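Encoded as structure tokens, the structure appears first; notes follow it.
Please read all numbers here as calculations on a predicted model, not as lab measurements.
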Amino acid sequence: MVVDADEPKDPSTAEVAATASETDQETKKPAFELSEEVRLAILPLFKSIAEADVSRVTVELSAESLTGAQIVDSQTSTYQIGSIAPDQFTVYLKEPQQRLRVYCNGKEMIVAMSADAFFRAEEPIQTQMAVTSLPVAMGPYPEPVLALSLAGVDPAVFLLGAMKSVELVERGKFRGETPAIHFKGVQDDGVSWNLWITQGEQPKPLRLLVDLTPMLRAAGQVQVPDDYTYQLRFDFMSWRMSGEVDKGLFTFNPPKEAVEYKSLEDYFETISKVGEKHPLLGMAAPAFKTETLTGDKINSESLAGKVIVLDFWATWCPPCIASMPVISDVCSKYADKGVVFFAVNTGESAKTIADFAKKQGWTATIILDVDEKIADSFRIDALPQTIIVGPDKTIQAAHIGFDGEEVLRDLLSQELELLIGGGKLTN
């Protein structure tokens with residue numbers, strides 16, 4: 001899982017990569033060495049991937065938040081990956097709020113953010129480079145699943161480099177049925193992974209469990225309690241490195257109505273101006289009834305004459321977590337002038353939200369949208385998204401994403417000043 005995209009190594013040199021890093025001359029830390037037991041058990045899998053001509057893989061990803069040993073939240077996504085070495089591949093990620101697909105046919109590489117929005121990368125890349133150099137983020141930590149799924153890639157570069165240790169935990173039965181070997185690795189940055197593969201002459205990956213909690217703690221962007229764990233569970237539902245693969249998988253044929261953007265930045269810049277194009281802009285805001293996290297009843301019909309700010313968010317969304325305190329702070333300064341702020345959590349349980357909000361120290365009024373009916377009524381198709389409803393009950397603005405604290409604070413302040421003064425942001 002090293003973010004390093006060296007040229008592909010011959011599988012026979014994987015043993016060299018397994019020594020990870022040379023001795024650190026400053027700290028006198030000894031280089032990591034792979035035991036013979038681990039080497040004999042894991043390298044056949046890596047060699048089969050590095051020597052493969054084709055691949056077809058389906059992986060289910062569960063991003064799990066745990067308190068103690070209890071899973072308090074889980075978001076499920078799916079990868080569908082196909083490739084022909086050395087430079088044809090497709091990576092399709094289906095997330096709860098988004099669909100992303102990368103196509104590379106050896107001549108061009110296209111990223112489709114949706115069926116009707118795409119851009120062309122500057123040039124195609126080989127499968128080995130694709131593990132770390134795709135032009136769009138394909139999930140929270142995609143390197144390990146790509147390294148184990150793309151034909152012609154040497155997984156030793158990514159799973160055995162920059163390691164403190166790799167050990168063979170046990171030989172047993174995965175889920176009590178499949179004969180398997182369980183490995184555990186700890187990276188230099190503290191991130192750890194557990195990998196289960198089948199036993200036999202042609203091993204296959206079964207599950208990869210990655211604990212990213214040390215990375216969160218090091219980043220310092222989110223307060224992480226001592227008993228909190230954030231892990232990614234990759235379950236390989238199907239995996240093959242042989243047979244036929246339809247080359248049509250690697251070429252994108254856009255529908256007539258599809259919009260081609262210059263770059264990913266161009267796409268995000270365009271959708272960040274969703275306030276100009278939101279389908280409900282200037283129209284009457286949908287009415288809704290729900291309750292707050294503390295059990296108070298909310299009826300939007302009773303808020304006529306108020307400026308209502310709705311921030312749609314989820315605990316698994318880092319930009320949501322970053323923008324929430326800013327929006328809450330700005331709105332609180334206008335509370336005595338008729339501005340009401342609701343943090344609308346989409347799709348999560350009250351317990352998950354309560355535990356998370358407490359750990360973050362948030363005081364904003366959080367309302368529940370467990371079945372996502374409110375989000376659907378407001379046409380929310382990405383998070384975070386902020387909707388501003390004017391005193392006349394019409395939607396005056398809509399913003400997607402988080403462009404930074406200063407930009408958000410200034411923009412929201414200006415919009416609220418105008419609305420409470422009797423002005424409008426849209427006709």
Assess whether a salt bridge exists between [X] and [Y], defined as any Lys/Arg side-chain N lying under 4.0 Å from an Asp/Glu carboxylate O.
X	Y	result
E177	K173	no
E167	K184	no
K107	D87	no
K393	E301	yes
D381	R379	no
K164	D188	no
K333	D329	yes

- Task: Apply the test side chain to side chain contact (heavy atoms under 4.5 Å, CB included) to residues I321 and F356: give CA-CA distance (whole Å), side-chain angles for both, the deciding distance (0.1 Å), then the verdict.
- Result: CA-CA 10 Å; I321 298 167; F356 187 84; 3.4 Å; yes
When you compare the side chain of [Y] with that of [X], does any pair of heavy atoms fall below 4.5 Å?
X	Y	value
V210	V191	yes
L61	V145	no
L412	I327	yes
I353	W313	yes
L134	L146	yes
P140	L232	yes
P135	L264	no
I84	F250	yes

Output yes when a side-chain donor or acceptor of [X] lies under 3.5 Å from a complementary backbone atom of [Y], and no otherwise.
X	Y	answer
W239	L148	yes
T292	T294	yes
S413	R409	yes
N105	E108	yes
T127	A151	yes
T78	E60	no
Q385	A382	yes
S302	N299	yes
Q231	L212	no
S133	A130	no

How are the rings of [X] and [Y] set relative to one another: parallel (under 30°), tilted (30 to 60°) or perpendicular (over 60°)?
X	Y	answer
F312	F378	tilted
F174	W196	tilted
Y79	F234	tilted

- Item | Stepwise side chain to side chain contact (heavy atoms under 4.5 Å, CB included) test for F341 and T365 | CA-CA 7 Å; F341 171 56; T365 300; over 6 Å; no
Please report the interatomic distance [atom1]([X]) to [atom2]([Y]), rounded to the nearest 0.5 Å.
X	Y	atom1	atom2	value
L150	M129	CG	CE	13.0 Å
F119	S263	CZ	OG	7.0 Å
L206	D235	CG	CG	9.0 Å
R240	S149	CZ	OG	12.5 Å
Q396	I387	CD	CD1	11.5 Å
L195	L159	CG	CG	7.0 Å

For the residue pair [Y] / [X], report whether a side-chain donor-acceptor contact shorter than 3.5 Å exists.
X	Y	result
D369	T346	no
T90	R101	yes
T315	E348	yes
S55	S83	yes

Indicate the atoms forming the closest heavy-atom contact of [X] with [Y], along with that distance.
X	Y	value
M241	V57	CE-CG2, 4.3 Å
A147	P155	O-CG, 3.4 Å
E405	V326	CG-CG2, 3.7 Å
L45	K204	CD1-CA, 4.2 Å
C104	P124	SG-CB, 3.6 Å
N194	H182	OD1-NE2, 2.8 Å

- The single option from V339, L425, D392 passing side chain to side chain contact (heavy atoms under 4.5 Å, CB included) against L419: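 One option only clears the test, and that one is L425.
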- Could you please spell out the steps behind the side chain to side chain contact (heavy atoms under 4.5 Å, CB included) verdict for T394 and M283? CA-CA 5 Å; T394 62; M283 299 175 63; over 6 Å; no
- Message: For S65, give me all partners under side chain to side chain donor-acceptor pair (under 3.5 Å), at least two apart in sequence or on another chain.
- Response: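 Side chain to side chain donor-acceptor pair (under 3.5 Å) list for S65, sorted by chain: Y228.
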- Task: List the steps, then state whether ring-ring contact (aromatic ring centres under 6.0 Å, His included) holds for F252 with Y103.
- Result: CA-CA 6 Å; F252 178 58; Y103 302 82; 5.2 Å; yes
- Query: Given the rule in the side chain to side chain contact (heavy atoms under 4.5 Å, CB included) test, do R207 and R233 qualify, once you have shown the distances and angles that lead to the verdict?
  - Reply: CA-CA 7 Å; R207 172 178 290 176; R233 176 162 53 85; 3.6 Å; yes
- Task: I would like to know whether K359 and D355 meet salt bridge (Lys or Arg N to Asp or Glu O under 4.0 Å); could you show each step before the answer?
- Result: CA-CA 6 Å; K359 290 166 185 173; D355 291 344; 5.5 Å; no
